[in-house]
There are 2 protein chains.
Amino acid sequence: MLRLTKQTDYALVLLSLIARNGASEMFTARDLARRTNIPLPMVSKILKRLGKEEILHSVRGASGGYRLARDPSEVSVAEIILTLEGPISITECSGESDTLCALECSCPVSSTLQRVNRAVIDALEGISIGDVAAPHHAASDPKPCSCTAPLIGAPGA
Amino acid sequence: MLRLTKQTDYALVLLSLIARNGASEMFTARDLARRTNIPLPMVSKILKRLGKEEILHSVRGASGGYRLARDPSEVSVAEIILTLEGPISITECSGESDTLCALECSCPVSSTLQRVNRAVIDALEGISIGDVAAPHHAASDPKPCSCTAPLIGAPGA
DNA sequence: TGCATACAGGACCAGATTGGTCCCAATTCG
DNA sequence: CGAATTGGGACCAATCTGGTCCTGTATGCA
């Protein structure tokens with residue numbers, strides 16, 4: 001556990017795909033859906049949200065689409081999470097919650113958990129979409145891989 | 001977001017309370033519930049689970065209760081999370097999932113996210129219940145604090 | 001001008017997760 | 001024996017979330 005939502009997971013996949021294929025190129029939701037096997041409506045939903053923030057730039061109309069609003073190296077994973085899931089905090093009281101922790105007095109945990117939380121945030125801020133798109137683990141060019149069937153939403157199996 | 005479940009949150013509070021009051025002392029679920037304002041059935045549920053793993057030692061019968069099975073410094077936050085929520089992995093494919101990621105081929109993300117995941121785990125493994133119980137941030141002794149009313153499950157407000 | 005394509009912004013639903021409660025059996029102490 | 005306590009469930013209601021769908025608006029092209 002300690003998990004991102006699937007939407008955020010998808011977002012990272014989509015953004016890294018865009019980042020890998022040139023930051024200035026334009027992608028339609030339909031195209032991205034085809035390439036990732038993520039259901040189109042889901043892709044739309046996510047891209048719309050990323051478009052409202054300053055992460056993606058959208059162009060409407062025929063031959064429209066989305067492209068990165070900034071350089072891939074300037075969009076951190078933490079920012080993606082923040083956009084789609086709100087402030088990063090592993091517990092309710094470890095963030096800058098406006099609602100006071102109900103356990104406050106019996107909870108000496110918070111100060112320590114804030115340190116943990118900080119460590120997590122630092123780790124996530126230290127990684128950009130550019131990093132995600134271009135893994136440095138002796139990456140030969142991304143081999144096409146054998147799984148070509150639409151694995152998500154596949155009706156058959 | 002990127003949040004622990006409330007149960008895990010509670011567990012950290014409970015364990016830190018136990019650790020703070022002497023690792024060898026015995027606590028009943030009822031007692032801990034009173035002190036933390038966490039609903040008793042919830043406390044029971046959590047302690048039961050921690051008892052099954054080797055985190056708490058339980059004694060049944062009258063004047064029974066729970067105490068830490070190990071030294072507070074030897075129980076990491078990561079272990080608590082692992083016990084209550086399963087393996088720590090921020091996405092489905094970043095862990096040692098047995099179910100293959102459906103996006104596998106179009107997902108160059110994983111290797112990088114595994115690094116992120118590793119960073120998170122490292123941070124959580126580096127902090128023990130002992131640390132949580134005794135924060136080193138110029139801690140004067142834990143002042144009783146003003147909030148004495150049962151804030152959780154309070155019927156009135 | 002008309003139409004196809006794409007994004008914008010919702011509402012909406014079903015399933016899964018989770019916080020929380022409750023019940024009953026087994027164990028131990030006085 | 002009886003009270004106190006853990007053990008191990010089942011159970012429910014509320015929330016969250018993945019996923020779908022519908023309608024409107026902007027744009028490019030024949």
Side-chain angles (χ1 to χ4, degrees), chain A residues 1-11 13-14 18 25-34 36-53 55-67 69 81 84-86 91-92 102-103 150-155, chain B residues 1-11 13-14 18 26-34 36-53 55-67 69 81 84-86 91-92 99 102-103 150-155:
Chain A
M1 274 298 175
L2 194 76
R3 182 159 291 176
L4 301 170
T5 65
K6 223 166 188 178
Q7 250 187 62
T8 310
D9 199 347
Y10 286 160
V13 173
L14 292 169
I18 295 176
E25 192 177 337
M26 193 83 102
F27 294 85
T28 68
R30 178 180 307 273
D31 184 26
L32 290 171
R34 262 199 308 264
T36 57
N37 293 326
I38 300 171
L40 172 58
M42 203 59 197
V43 172
S44 273
K45 192 187 218 172
I46 294 167
L47 296 180
K48 275 184 267 187
R49 295 189 64 187
L50 294 174
K52 286 180 71 174
E53 316 299 319
I55 294 173
L56 288 178
H57 176 72
S58 66
V59 175
R60 289 163 74 146
S63 75
Y66 294 92
R67 63 176 167 78
I81 298 176
L84 295 179
E85 307 193 13
T91 67
E92 287 185 28
L103 299 170
L151 291 163
I152 286 190
Chain B
M1 274 301 176
L2 194 75
R3 184 160 290 177
L4 301 171
T5 64
K6 223 167 188 177
Q7 251 188 62
T8 311
D9 199 347
Y10 287 160
V13 173
L14 293 169
I18 295 175
M26 193 82 104
F27 295 86
T28 68
R30 178 180 307 273
D31 183 27
L32 290 171
R34 261 201 308 265
T36 58
N37 293 326
I38 301 172
L40 172 58
M42 203 58 195
V43 172
S44 273
K45 191 187 217 172
I46 295 167
L47 296 180
K48 273 184 267 186
R49 295 189 63 187
L50 295 174
K52 284 180 70 174
E53 316 299 319
I55 294 174
L56 288 178
H57 176 72
S58 66
V59 174
R60 288 163 78 145
S63 75
Y66 295 91
R67 63 177 168 76
I81 298 176
L84 295 179
E85 307 193 13
T91 68
E92 288 184 29
T99 70
L103 299 169
L151 289 162
I152 285 188

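In what follows, chains carry the letters A, B, and so on, assigned in the order in which the sequence lines appear, proteins first and then strands, with residues in each chain numbered from 1. Heavy atoms only: backbone and side chains are in, while hydrogens, waters and symmetry mates are out.
With values rounded to the nearest 0.5 angstrom, A:I38 atom CD1 is found 10.0 Å from A:K6 atom NZ. Atom-to-atom distance recorded for A:E53:CD and A:L56:CG is 10.5 Å, nearest 0.5 angstrom. A distance of 9.0 Å separates CD1 in B:I81 from OG1 in B:T5, rounded to the nearest 0.5 Å. Rounded to the nearest 0.5 Å, atoms CG (A:L47) and NZ (A:K52) are 14.0 Å apart.
Spacing between atom NE2 of A:H57 and atom P of D:dT27 amounts to 11 Å, rounded to whole angstrom units. Atom CD in B:Q7 sits about 9 Å away from atom P in C:dG20, given to the nearest Å. Here D:dA4 presents its P atom at 18 Å from CG of B:L32, a figure rounded to the nearest Å. Separating the CD atom of B:E85 from the C1' atom of C:dG19 is a distance of 13 Å, rounded to the nearest angstrom. In this structure, B:M26 atom CE and D:dT6 atom C1' are separated by 11 Å, rounded to whole Å. Between the CG atom of B:L84 and the C1' atom of C:dT17 there is a distance of 15 Å, given to the nearest Å. Nucleotide D:dT17 holds its P atom 14 Å from the CG atom of A:D9, rounded to whole Å. The separation between A:L40 atom CG and D:dG18 atom C1' is 15 Å, rounded to whole Å.
Inter-residue side-chain proximity for B:L50 and B:L84 is flagged as met; some heavy-atom pair is nearer than 4.5 Å. Contact annotation: the side chain of A:Q7 approaches that of A:R49 to within less than 4.5 Å [non-hydrogen atoms, C-beta and beyond].
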Please tabulate, for side-chain N and O atoms in residues 57-67 of chain B, each donor-acceptor pair with protein atoms closer than 3.5 Å (sequence neighbours left out).
none

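The shortest heavy-atom contact between A:A33 and A:L40 is CB-CA, 3.7 Å.
Between the side chain of A:E85 and the main chain of A:L4, no donor-acceptor pair closer than 3.5 Å is present.
Dashed line: the shortest gap from a side-chain N or O of B:Y10 to OP1 or OP2 of C:dG20 is under 4.0 Å.
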Considering only nitrogen or oxygen atoms on both sides, find all protein atoms under 3.5 Å from nucleotides 5-9 of chain C and state each distance.
residue : atom : partner : partner atom : Å
C:dT5   : O2   : A:A62   : N            : 3.1
C:dA6   : O4'  : A:G61   : O            : 3.3
C:dC7   : OP1  : A:A29   : N            : 3.2
C:dA8   : OP1  : A:S58   : OG           : 2.7
C:dA8   : OP2  : A:Y66   : OH           : 2.8
C:dA8   : O4'  : A:R60   : NH1          : 3.4
C:dG9   : N7   : A:K48   : NZ           : 2.6
C:dG9   : O6   : A:K48   : NZ           : 3.2

Any N/O pairs under 3.5 Å between the protein and nucleotides 10-12 of chain D? List them or say none.
none

